Amino acid sequence: MTTTASASSSTGEAGVLSTSARGDIHRWSQTLIPTTREAPADATTPSHVFMVRAGLIRQLAAGVYDYLPLAWRSLRKIQRIIREEHERIGAMEMLFPAFEPMDLLKQTGRDEAYGDDLFTLTDRHGRGLALAPTHEEPIVEMMKGAVTSYKQLPLSLYQIQTKYRDEPRPRSGLLRCREFMMKDAYSFHLAQKGEGGLDAIYDDFYEAYSRIFTRCGLSFTAVEAESGPIGGSASHEFMVHAESGEDKILVCPVSGYAANVEKAEIGERAWTFDGDASDELTKRHTPGMPGIDLVAGHLGTDAAGMLKTIVFERVLKDPDKTKYVLAVVRGDHEVNEAKVRDAVGSGVRLADEKKAKADGLAIGYVSPCMIGRLTGTTLVVDPDAAQANAWATGADEMDHHVTGWYWSRDLGVDLEKAKVADIRNAEEGDPSPRAEGAKLQTQRGIEVGHIFKLGTKYSDAMGFTVLAEDQKPRTVTMGCYGIGVSRTMAACVEMSHDAGGIIWPAAVAPYHVQIILMKHDDERQIETANTLAQELAARGADVLIDDRKERPGPKFKDADLIGIPVRLTLGDKALDAGGVEFKRRKDEGKGEVVPIAEVVDRCISALESA
RNA sequence: CAGGGUGUAGCUCAGCUUGGUAGAGCACCUGCUUUGGGAGCAGGAUGUCGUCGGUUCGAAUCCGGCCACCCUGACCA
């Protein structure tokens with residue numbers, strides 16, 4: 001299930017301009033748009049640089065920003081789009097507190113799961129509170145008391161609210177903040193399947209999200225994703241295409257398959273353990289070499305010629321027992337923990353280094369041979385590592401490696417004990433899992449939305465049941481759906497700008513039309529501006545009049561910087577000829593002179609086709 | 001948290017090596033001039049030099065602690 005903007009862009013029946021209300025008319029001299037010529041030294045990402053320079057945001061602390069008037073207008077437009085699309089699928093808006101009692105988070109174990117990411121505080125009575133990083137617990141708590149019958153389901157509720165996460169490293173302006181604006185929605189169902197079930201509503205949200213991001217003018221891909229600490233089964237992320245994106249996604253150009261790097265499957269790969277063991281097994285001294293490339297170089301090979309054995313341990317009920325899992329991949333590949341988990345059929349985590357060493361595992365120098373030396377250990381091998389080469393690998397002894405290692409000769413136990421499975425992260429050029437012969441491509445993206453099928457994870461933990469038709473209590477099935485609203489605004493800028501500044505998609509632009517007065521005190525220009533602004537506002541357009549006592553240069557530069565889609569310039573030359581200069585922000589050059597009588601229509605049609 | 005870097009005027013930065021009590025450009029204020037792509041002239045205002053301590057007759061400058069912010073990595077909307 002994959003949607004790209006181009007495939008679903010025909011849904012925008014809700015237009016850019018307001019059909020119900022007059023547009024706003026604001027004057028630059030009466031609002032606050034503190035543009036700057038230079039960017040703050042610490043801004044590196046384009047959206048960060050331009051949002052600061054264009055006077056949209058100012059930083060108050062790491063990952064904490066003020067939203068100035070322009071930013072707030074854009075955010076409200078994104079919110080409006082979100083509200084309209086949620087309305088369309090029958091979700092109802094409400095609002096939760098930002099505070100959340102710690103006790104509530106303890107019920108689901110998420111006080112631990114979120115850990116240091118949680119902003120916590122203590123009230124005067126010594127009670128623990130958190131600033132909510134998301135709202136599953138409060139909404140289930142509320143629903144428990146408010147919904148007791150299956151007849152009240154399904155139900156979808158959402159809110160737009162400030163969220164707090166003490167990120168280890170806030171960065172890139174609004175793209176990764178500690179305080180940010182989020183839309184979070186939650187759906188409640190009697191079952192996963194069938195009418196009104198989670199699957200059906202999840203699909204509704206998926207479609208709504210596609211419409212929202214399309215209407216925001218974003219180019220995006222919906223990808224399969226891991227659920228992370230939110231939990232649940234299926235999950236999709238909505239990724240805006242941008243070079244500065246933190247996320248890596250893999251797409252198959254043939255089948256349209258798309259997934260986060262954490263989740264991406266890899267197509268069939270040939271493997272064999274058989275082969276002539278011609279080279280001699282040789283032990284080599286490799287002291288003090290951090291990094292696999294250094295070791296490989298010393299051994300006369302490269303990372304792709306080495307076997308990397310990562311030691312995991314199974315997550316067991318009994319904390320005193322330890323069962324290890326050896327995950328073997330080629331040296332140039334990365335082990336994927338979720339895939340290892342699936343391959344061995346139980347939860348795994350990276351082994352505790354001290355404990356593993358005490359058990360005889362020479363962490364950093366482990367070879368697959370350890371399978372024969374520690375009972376209860378499992379060995380999983382990635383197909384690319386299950387090849388009949390002469391491998392270089394660890395010698396199971398500190399500071400030593402071996403070369404000339406063959407699966408068929410040197411494993412020391414029956415090869416049947418080695419399970420072969422896809423356990424690594426996908427990379428550019430890997431075979432597609434959905435189309436024979438096709439190769440996966442990598443792209444970078446900004447995650448603006450994430451939807452999850454939670455199932456009963458939270459309702460189980462918090463005991464949320466309703467009485468079903470058969471008069472028996474039934475645990476409620478849930479879905480949850482998030483959009484980073486402030487991040488979406490940043491993504492718009494990230495995706496759409498040039499050297500001069502922002503180029504707003506019309507639907508989320510703070511204003512639709514900017515009118516520049518060449519002479520701020522010229523009667524004819526003022527009058528023309530007022531008339532045009534009134535007519536534009538009557539047609540639903542928001543108008544910003546640059547009435548500052550500035551020379552033309554700074555006004556044009558600022559206009560490019562703040563990126564309003566349509567610019568009208570009122571100067572004597574054009575007015576003498578009965579026209580005004582019309583220019584779209586995305587067009588190059590000076591624009592064209594349009595007769596005054598036609599210019600409003602021209603603006604409206606330019607906006608509607610944007 | 002690990003590794004790296006930076007804190008001096010609203011912003012961008014110089015000054016620190018070699019200690020002597022703080023500067024430039026932009027922005028800001030006043031006046032004149034100018035008015036189609038960040039104008040010109042004249043005048044003016046602006047600082048706990050991140051913070052605490054140490055050395056010294058004297059510290060932006062040397063030494064130490066702390067704090068803040070940024071960048072690279074593991075998490076997430």
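Chain naming here is simple, since letters A, B, ... match the order of the sequence lines and numbering starts at 1 in each. Keep in mind that what you see is a predicted model, and the values were worked out from it rather than measured.
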Checklist entry - Got a sec, which residues hit salt bridge (charged side-chain N to carboxylate O under 4.0 Å, His left out) with Asp332(A), two or more places apart in sequence or on another chain? => result Arg330(A)
Extract from the structure each pairing of a protein N or O with an N or O of nucleotides 66-71 of chain B at less than 3.5 Å, listing the distance.
{"unit_1": "C69(B)", "atom_1": "OP1", "unit_2": "Ala62(A)", "atom_2": "N", "d": "2.9"}
{"unit_1": "C70(B)", "atom_1": "OP1", "unit_2": "Gln59(A)", "atom_2": "NE2", "d": "2.9"}

Item to check | Sequence-distant partners of Glu243(A), side-chain hydrogen bond (donor to acceptor under 3.5 Å, both in side chains), two or more places apart | outcome: none
Next on the checklist: Using the ring-ring contact (aromatic ring centres under 6.0 Å, His included) criterion, which residues pair with His497(A)? Sequence neighbours excluded.
Outcome noted: Phe50(A)
Item to check | Partners meeting salt bridge (charged side-chain N to carboxylate O under 4.0 Å, His left out) with Glu581(A) (sequence neighbours left out) | outcome: Arg567(A)
Item to check | Helical stems, RNA chain B - three or more consecutive Watson-Crick or G-U wobble pairs below 3.5 Å | outcome: B:1-7 with B:67-73, B:10-13 with B:23-26, B:28-32 with B:40-44, B:50-54 with B:62-66
Checklist entry - Which parts of nucleotides 27-35 of chain B does protein reach within less than 4.0 Å, heavy atoms only, written one letter per nucleotide 5' to 3' as B for base, S for sugar-phosphate only and - for none? => result S------BS
Item to check | For Gln525(A), side-chain contact (heavy atoms from CB on, under 4.5 Å) partners two or more places apart | outcome: Leu517(A), Met518(A), Lys519(A), Asp522(A), Leu570(A), Asp572(A), Leu575(A)
Next on the checklist: Does Gly571(A) reach a base, just sugar-phosphate, or nothing at all? Heavy atoms under 4.0 Å.
Outcome noted: base
Atom pairs, protein N/O to nucleotides 42-49 of chain B N/O, distance under 3.5 Å:
none

Item to check | Rounded interatomic separation in angstrom, taking CG from Leu568(A) and C1' from G36(B) | outcome: 15 Å
Checklist entry - Quick one: side-chain hydrogen bond (donor to acceptor under 3.5 Å, both in side chains) partners of Glu265(A), sequence neighbours excluded? => result Arg434(A)
Checklist entry - Can you list the residues that meet the side-chain hydrogen bond (donor to acceptor under 3.5 Å, both in side chains) rule with Asp184(A), with sequence neighbours excluded? => result Gln159(A), Lys163(A), Tyr186(A)
Item to check | Ser172(A): partners by side-chain hydrogen bond (donor to acceptor under 3.5 Å, both in side chains), with sequence neighbours left out | outcome: Thr45(A)
